[in-house]
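Data first, discussion second: the structure below is written as C-alpha cells.
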Number of protein chains: 2
Amino acid sequence: MEIFLKDIEDVNNENRQYAQKRKIVGLLNKSEKPLTIPGICKKVKLSVPTGTKLINELIDDKVIVESGKKETNNGRRPSLYKVDSNFAYCIGVVVLLKGISFSVYNLDMHEVFKFQDDDFVLENTPGCLDRVVAFIQKAISTSGINPGRVLGMGMGITGRVNSKTGYSHNYFNFLEESLIDFFSAKFSFPVYVDNDTHVLGLAEQYFGKAKDIKNAFVLNLSRGMGLAIIANGELIVGENGFSGEFGHIQFAESDRLCLCGKRGCLGTEVSGYALEQNFQQQVEAGETSLLLTSRESCQIKYVDILKAAANGDSLSISLTHNLGFKLGKALGNMINLLNPGVIIIGGEFVSAKDILIDSIKSGMTHTGLQLPLRSCELIFSSIGADAASKGAAAIVLRSLQLI
Amino acid sequence: MEIFLKDIEDVNNENRQYAQKRKIVGLLNKSEKPLTIPGICKKVKLSVPTGTKLINELIDDKVIVESGKKETNNGRRPSLYKVDSNFAYCIGVVVLLKGISFSVYNLDMHEVFKFQDDDFVLENTPGCLDRVVAFIQKAISTSGINPGRVLGMGMGITGRVNSKTGYSHNYFNFLEESLIDFFSAKFSFPVYVDNDTHVLGLAEQYFGKAKDIKNAFVLNLSRGMGLAIIANGELIVGENGFSGEFGHIQFAESDRLCLCGKRGCLGTEVSGYALEQNFQQQVEAGETSLLLTSRESCQIKYVDILKAAANGDSLSISLTHNLGFKLGKALGNMINLLNPGVIIIGGEFVSAKDILIDSIKSGMTHTGLQLPLRSCELIFSSIGADAASKGAAAIVLRSLQLI
DNA sequence: GCAAGTTTCTAATTTTTTTTATTAACTCAA
DNA sequence: TTGAGTTAATAAAAAAAATTAGAAACTTGC
C-alpha cells in the first residue's frame with residue numbers, strides 16, 4: 001500500500017523507486033495480458049536488472065504475482081507477471097434522486113461487494129446527508145473489507161458538483177466545506193466526487209465502448225439528460241466541473257418552460273420527463289395507446305412508454321421517434337463542434353435503442369457536416385446498470401494512474 | 001540540436017540524459033524568469049550534482065547561458081540560468097484565402113524575420129501549391145537563417161485539415177500524400193500542419209489571454225467563423241482534426257442557405273460575410289448609412305461596416321449589435337456544454353469590440369446557465385495580426401515540450 | 001565585527017544503476 | 001541429434017547517480 005499512498009514530492013532515491021514501482025503496477029494493471037520482465041523494462045525505461053529487482057520486491061509485497069511462462073517461437077521463454085487484483089480495492093458510491101448504491105471493486109474492476117438502498121430519496125437536508133454517511137458506514141462494516149486495503153472512494157452525485165474542489169451546488173449545499181473534505185474526514189481513505197453524468201462517461205471511457213477512442217460523447221439519457229464529453233482521451237469537466245449541461249442548450253423547436261427558468265431547452269423535448277409530458281399532451285388531444293388500458297395517462301412513466309414502444313404501441317413509437325430525431329439534430333451540431341469518433345447513448349433510453357438508432361441518425365444527417373459525420377459512430381451502451389458505480393470507482397484508479 | 005532531434009525510444013543512459021536535458025531546457029524556456037540549479041533540480045527530480053553536470057554540458061553546447069546571481073535575503077546567492085533564446089528557431093507559415101506569410105521566431109517567440117505576400121490567392125491547384133513551396137523557399141533563403149538551427153515549421157492552412165495525419169480536404173486535396181509528408185520532403189526540418197482556427201487558438205493558449213486558463217474558447221471571427229476549444233489545458237482538435245465548426249451549428253433564427261448546403265447555420269448570421277449580406281438587405285429595404293456616400297452597397301466589405309459602426313453609423317451599429325446578440329446566445333449554449341473559464345474573441349471583429357461586448361454578453365445571459373456563466377469571462381484578443389503565425393510556430397515548440 | 005544561521009556549490013564517499021558478459025532455455029533445420 | 005540462432009535471466013564489472021560532508025558566500029543579530 002505504501003507504494004500507492006506515499007507522496008513523491010521530495011527528490012530522493014526512495015521516492016524515485018516508489019514512483020517507478022507505481023509505474024510498473026500501473027502498466028501491469030492497464031495491460032489486458034500479463035507481461036514479461038523485458039517488456040515491462042522497455043515500457044518503463046529501466047534496465048532489466050533494476051526492473052527485476054523492483055518486480056521481485058513487488059512480489060515480496062504481494063502486489064504482483066507470477067503467472068506462467070509466455071509461449072514464443074524462439075528463445076528462452078520469459079516468465080509472465082500480473083498484479084494481484086485482490087491486493088487492493090476501490091469503492092464506488094452513486095447517489096441518485098431515488099436510490100443509493102455502494103460497490104467494492106478489486107483492481108480488475110470486478111465487483112466483490114454490493115450494497116444498495118432503493119428506498120433512499122435524495123433531499124437537500126442535513127438529515128439526508130447523515131443517512132448517506134450512515135449508509136456508507138453500514139456498507140463498509142457489512143462488507144467486511146479491510147479499510148487499510150482501500151485505495152479510495154469515488155462518489156457520483158446527481159446535480160452540479162465542482163469535480164475539482166468537491167463543492168456541491170444543488171444538494172448538501174448547506175455545508176460550509178466541500179463534499180470531499182466532509183467525507184474525507186469520515187473515512188480513512190481518500191474520497192473523490194463528481195456528478196452522475198461525468199461518472200457515467202468515465203465508465204464508458206475506461207470499461208465501455210469508448211475504451212480505445214480518444215474523442216467520444218457519452219449521453220446520459222434517463223429522466224433527465226446530460227452529456228459527458230471525452231476529448232484528447234480525457235473527460236472534459238470544464239473550469240468548475242459544470243460541463244455537460246446538454247439538456248439546457250436552447251435547441252428545441254418548441255419553447256416549453258424548463259426547470260432552469262429558460263425556454264426552449266433541449267431537455268424539455270429530449271428526456272424521460274419530456275416523453276411523459278408529450279404522451280399526456282397527445283392523449284389529451286385524443287390520441288390513444290395500449291398503455292391507457294391499465295393506467296391513467298398521468299401515472300404513466302417514461303420507462304413504460306419506452307417499453308410500450310418496443311412492444312409496438314403506435315403512439316409510443318411515434319413519440320420516441322420524434323424525440324430521437326430532435327436529439328439527433330442536436331448531436332449533429334455537437335459533432336460539428338467537437339468531431340468525436342463515437343457517440344454512446346446510455347441511461348434508461350437504451351431499452352428503446354432499436355427505435356432510436358435510426359431516428360437519431362437521420363436527425364444527425366440534418367445538421368452534421370459530412371466529414372465529421374462520416375467518422376462518427378453511433379452506438380448504445382452495453383455496460384449495464386452499475387455503470388455509474390464503476391465510473392465512480394474509476395476516479396480512484398485514475399488518480400493513481402492504475403487505469 | 002542533438003538534444004532536441006534525437007529519438008529517445010531506446011532505453012539507455014545516453015538517451016536518458018538527453019531526455020533530462022530536454023526537460024531542463026523546456027523548464028527554463030517555459031519559465032518567465034531565469035532559474036537556479038537547486039530550483040531546476042527540484043523540478044526535474046534530479047540531485048544537485050547530476051543537475052549541475054547536465055547544466056554545465058548544456059552551457060558548453062551553448063543551449064543555456066548564465067544570467068547573473070539571484071538576490072536572496074539569506075544564504076549564498078545562487079547563479080541564475082536561462083536558455084539562449086537565439087540558440088534555435090521555429091517557423092510559422094500561414095496560408096489564408098488571400099495572403100501568405102512566413103515568420104521565424106526564436107525560442108523566446110520574438111519574431112526575427114518576416115516575409116509576406118498579400119497578393120497570394122489560395123486555389124486548389126498544383127500550380128498554387130508550387131507557389132506556396134517557392135514562397136517558403138524564397139523566404140528561407142532571404143532570411144539567411146541556418147536550416148540546421150530550425151526546430152521545425154508549423155503551418156496554418158484555411159479549410160479542413162486533419163491535424164494528426166496532415167491530410168487536407170479543401171485545398172491541395174489532389175495530393176496523394178498528406179501535406180505533412182509533402183512539405184517534409186521539401187525541407188530538412190520537421191513540418192506540422194493544422195487549420196487557421198486551431199492555430200489561432202494555440203496562439204491565445206500559449207501567448208495570449210488564455211495563458212493560465214485550462215478551459216477556454218477562442219473565436220476566430222472574420223469573414224468566416226471558427227471556434228478553437230481548449231479544455232483540460234489542451235487544444236481539442238477531435239478525432240480527425242475537424243473540431244471547431246461553430247459556424248455550421250444550426251442555430252440561426254433565419255434559415256438562410258449556407259455554403260455547406262444546410263440551412264440555418266450560425267455562420268449565415270454571424271460572420272463577416274453575413275454582415276455584408278445583412279447590410280445590403282437593409283439598404284435594399286430602404287435603410288441608409290454613411291457608408292453609401294462613398295460606395296455602392298455591394299462593394300462595401302464587412303471591415304468597412306465594422307469601422308463605420310465604431311464611428312457611429314447607425315445602421316452599422318444596429319447590424320453589429322444584432323450579430324453580437326445572436327453570437328452571444330450561441331456562446332451561452334456552448335458555455336453550458338463546456339464550462340470555459342474565458343472566451344476570447346479574435347479576428348477582424350476585434351475592431352468593433354466596444355459595440356460587441358455588451359451585445360454578446362446580453363445574448364449569453366439568454367441561454368447560459370447561471371453557474372457556468374458566472375465563472376466565464378468574455379474578452380477580446382490583444383495578440384495582434386500575427387497571432388496565427390505565432391500559433392503555427394507554437395506547434396513546433398509544443399511538440400518538443402518547450403512551451 | 002564576529003558568531004550563528006542559511007543556502008549554494010563542490011569534492012569525496014557510497015549507493016544504485018547500467019553495461020557487458022555469461023549461462024540458461026528454447027526452436028528449427030540440416 | 002546436434003549446432004546455429006534467439007531470447008531470458010543472472011552475475012560481474014563499470015559507470016553514473018545520490019548521499020554525505022565540508023567549504024564558500026551571504027545575512028542578521030548581538
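A note on names: the letters A, B, ... follow the listed sequences, proteins ahead of strands, and every chain is numbered from 1.
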query: What residues in residues 75-82 of chain B put a non-hydrogen atom under 4.0 Å from any atom of DNA chain D?
result: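 Hits under 4.0 Å, by residue number: B:G75, B:R76, B:R77.
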
- request: Mind listing the residues from residues 55-70 of chain A sitting with a heavy atom below 4.0 Å of DNA chain D? Number order is fine.
  value: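 The answer is none.
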
Sequence-distant partners of [X], salt bridge (Lys or Arg N to Asp or Glu O under 4.0 Å), two or more places apart:
X	value
B:E234	none
A:E111	A:K114
A:E14	A:K6
A:K70	none

query: To the nearest angstrom, how far is B:I37 atom CD1 from C:dT10 atom C1'?
result: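 From B:I37 CD1 to C:dT10 C1': 11 Å.
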
message: What is the separation between atom CD on A:E71 and atom C1' on C:dT27, rounded to the nearest whole Å?
response: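 For the pair A:E71 CD and C:dT27 C1', the rounded distance is 12 Å.
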
- prompt: Taking protein heavy atoms under 4.0 Å as touching, what does nucleotides 12-18 of chain D look like 5' to 3' if B marks base contact, S marks sugar-phosphate-only contact and - marks none?
  reply: ----SSB

field: ring-ring contact (aromatic ring centres under 6.0 Å, His included) involving B:F87 - partner list, sequence neighbours excluded
entry: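 Per chain and number, B:F87 pairs via ring-ring contact (aromatic ring centres under 6.0 Å, His included) with no residue.
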
task: Please list, chain by chain and in numerical order, all residues satisfying ring-ring contact (aromatic ring centres under 6.0 Å, His included) with A:Y167, sequence neighbours excluded.
output: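 Partners of A:Y167 under the ring-ring contact (aromatic ring centres under 6.0 Å, His included) test: none.
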
Atom pairs and distances, side-chain donor-acceptor, residues 178-187 of chain B, under 3.5 Å, sequence neighbours left out:
from	atom 1	to	atom 2	distance (Å)
B:S178	OG	B:T165	O	3.2
B:S178	OG	B:I180	N	3.3
B:S178	OG	B:D181	N	3.1
B:S184	OG	B:I180	O	2.6

field: Axis bend over the full length of the helix from C:dG1-D:dC30 to C:dA30-D:dT1, computed from five pairs that close each end, to 10 degrees
entry: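 Its terminal axes enclose an angle near 0°.
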
Can you give the donor-acceptor pairs under 3.5 Å from side chains of residues 72-86 of chain A to other protein atoms, not counting sequence neighbours?
from	atom 1	to	atom 2	distance (Å)
A:T72	OG1	A:N74	O	3.4
A:R77	NH2	A:T72	O	3.0
A:S79	OG	A:E66	OE2	3.4
A:S79	OG	A:K69	NZ	3.3
A:D84	OD1	A:N86	N	3.1
A:N86	OD1	A:N106	ND2	3.1

